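Notes follow the structure.
When a ligand or atom number is given, it counts from 1 through the structure's own listing order. All values derive from a computational prediction rather than experimental measurement.
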Amino acid sequence: MFKYAALLAFVSVVTAQSQLYGQCGGIGWTGSTTCVAGATCTVLNDYYSQCLPGAASSSSTPTTVSSSHSTTTASSTGTSSAPTSTATPAAGNPFEGYTIYLSPYYANEIALAAGNITDSTLKAKAASIANIPTFTWLDTVAKVPDLGTYLADADSIQKSTGQKQLVQIVVYDLPDRDCAAKASNGEFSIADNGQANYFNYMDQIVAQIQKYPDVRVVAVIEPDSLANLVTNLNVQKCANAETTYKACVTYALKQLSSVGVYQYMDAGHAGWLGWPANISPAATLFTQMYQAGGSSPFIRGLATNVANYNALTAASPDPITQGNPNYDESHYINALAPMLASSGFPAQFIVDQGRSGVQNIRQQWGDWCNIKGAGFGTRPTTNTGNSYIDSIVWVKPGGECDGTSNSSSPRYDSTCSLSDADQPAPEAGTWFQEYFQTLVSKASPSL
Ligand code: BGC
C-alpha cells in the first residue's frame, strides 16, 4: 500500500511538469509550476508564465523577465538573432516614408476573381485592386508561416529597390473569438488550452518577425475583442472570456513591442463605442491595456471601422446614426483621442475605409454582415486631414466574406440573413465573388 502510494506520488510529479512552451504559472493558473528538464518557468506577465528553453530547472519559483526585449527568447525557433533596430520606435507616423507590401494572398484572390469576370471593363477594374494594399489576416496559426514568406519577400524587395517596406498584419486568433457573434468563431477555445495555444501562436509570429528586423511591421490587434468587453459582458461567452482576452492581448502587445511592431488595438467603430455611454468606459479599457502592455511606444494607438462600413467624414449623418453626435469615424476619433491622451495614452489612429465608398445603405447601424450595395472606398493614404489619424487603410480584404447566410452552418449568425445582407453568402473569410464585383462597380472614388 505504501509502495503503491509512493509510486502514485512519483508519477504525478513526473506527469505534472509543464512541457517546453507550456504554461507554468500566472493569475488563475492551477496547473504545474515546474517545467520539464531543459526549460525554465519564466514570468512573461501577471497572467502567464511559460516554460522557455534554458537551464534545466524544476524550481517552482518562476524567473521574472524584466525587460521587454528579453522576452524575444520566447521565440520557438531560436534560429534568429534578437532585433537590433527596434529598441526605440522611429518618431512620428510609422507609415511615412514606407511602401506598403502588397499581400500575395490577396493578390492571388484578386487574380482568380478577375479571371472569372467576362466584362472587360469590370475585369480590368477588378484586377487593379491587387495594387491597393490590404492587411494580411493571421486568422489561424497555420497561416503564420506565410508571414515569414512575406517578410522575406519584402526584405529582398527592400534590398533590391531601396524602398523601405511595411508589412501589414491583423492578429486574430483569440480563444473564444468573436464572443458576441458566431460568424467568425475561431480555432481555439478557452476550455481547451486556448490561452496557451494563443501564446504559442503569438510566439510563432514573433519568431518570424525577429528574423527580419529591417522590415517594418504594423499590426491591428484582435478586431472586436476589447470592444466586446466594453459593451457585451452581458453575453455569457464574453463574460467568460474577459480575463483570457486581456491576458492574451497583453501578451500580444508585449511580445510584438519586443520585436518593434507598431500596433493599433482594434477600437470598434463610431456606431459601437462612439455612443456617449460607451466612449468613456472604452477609453478607460484602452488605457488599461496600453499600460498592461508596458506603455510601449510601439503601441501606437487604435484602429477603427475594421471590416465596417462607416464614412470617415459623412456628408450628413446617416439616419441610422439616430442622434449619436459621433456619427462618423472622424467625430468618434476626435472625441476619443483627447480622452486617451488625458489618461496617459497618446493614441494615434488608423481607419479602415476599404468598404466605405457608399453610404446610407444599412437598415441599422449595428448591421455588419456583407452589406448590400457597398463599394470600395478611399484608397490608403497618410494624407488624412486629421492629425490624430496616421493613415486611412484597407484592413478588411474586400471580397472576403463577413459570414455565411447558411442557417445550418455552425458559424451561422442571423445578422447575415438580415434584409440588408447580401445572400447567399459563404463562410467568413472565404471569397464572395458576387459581393466583390459589386464592391468594384460601386467603388467611390471609382476605379
Ligand atoms: C474572418 C476571417 C478573415 C477576415 C478577413 C473575418 O470576418 O472571420 O477568417 O480572415 O474576416 O476577411
- line: of all protein heavy atoms, closest to atom 11 (O) of ligand 1 is Lys396 NZ, 2.9 Å
task: Considering the heavy atoms of Gly429, write down every atom of ligand 1 situated less than 4.0 Å from one of them.
output: 1 (C), 3 (C), 9 (O)
- prompt: Mind checking whether Glu400 has an N or O less than 3.5 Å away from an N or O of ligand 1?
  reply: yes
field: No-hydrogen, no-angle side-chain donor-acceptor test under 3.5 Å, Tyr412 and Ser417
entry: yes
Proximal ligand 1 atoms for Ala428, defined as those under 4.0 Å from one of its heavy atoms: 1 (C), 8 (O)
task: Quick one: sort the Tyr201 and Phe188 rings into parallel, tilted or perpendicular, breaks at 30° and 60°.
output: perpendicular
query: Hey, does Tyr172 come in under 3.5 Å of ligand 1, counting only N/O atoms on both sides?
result: no
- prompt: Going through the distances and angles, do Asp402 and Lys396 end up as a salt bridge (Lys or Arg N to Asp or Glu O under 4.0 Å)?
  reply: CA-CA 9 Å; Asp402 293 322; Lys396 174 81 184 181; 3.4 Å; yes
query: Is any NZ, NE, NH1 or NH2 atom of the basic residue among Asp178 and Lys182 found under 4.0 Å from an Asp or Glu carboxylate oxygen of the other?
result: no
message: Which option wins on minimum heavy-atom distance to atom 9 (O) of ligand 1: Asp224, Thr430, Asp139?
response: Asp139
- prompt: Which atom pair, heavy atoms only, marks the closest approach of Ser356 to Gln359?
  reply: O-NE2, 3.1 Å
query: Does any N or O atom in Arg411 lie less than 3.5 angstrom from one in ligand 1, N or O only?
result: no
statement: Under 4.0 Å from one or more heavy atoms of Ser184, ligand 1 contributes atoms 1 (C), 6 (C), 7 (O), 8 (O)
query: So, Arg362 and Asp318, do they make that salt bridge, N to O below 4.0 Å?
result: no
- prompt: For ligand 1, which atoms, with element, lie under 4.0 Å from some heavy atom of Pro397?
  reply: 5 (C), 12 (O)
task: Around atom 4 (C) of ligand 1, find the nearest protein heavy atom and jot down its residue, atom name and distance.
output: Trp137 CE3, 3.4 Å
- request: Look at the rings of Trp431 and Phe436 and say which category their plane angle falls in: under 30° parallel, 30 to 60° tilted, over 60° perpendicular.
  value: tilted
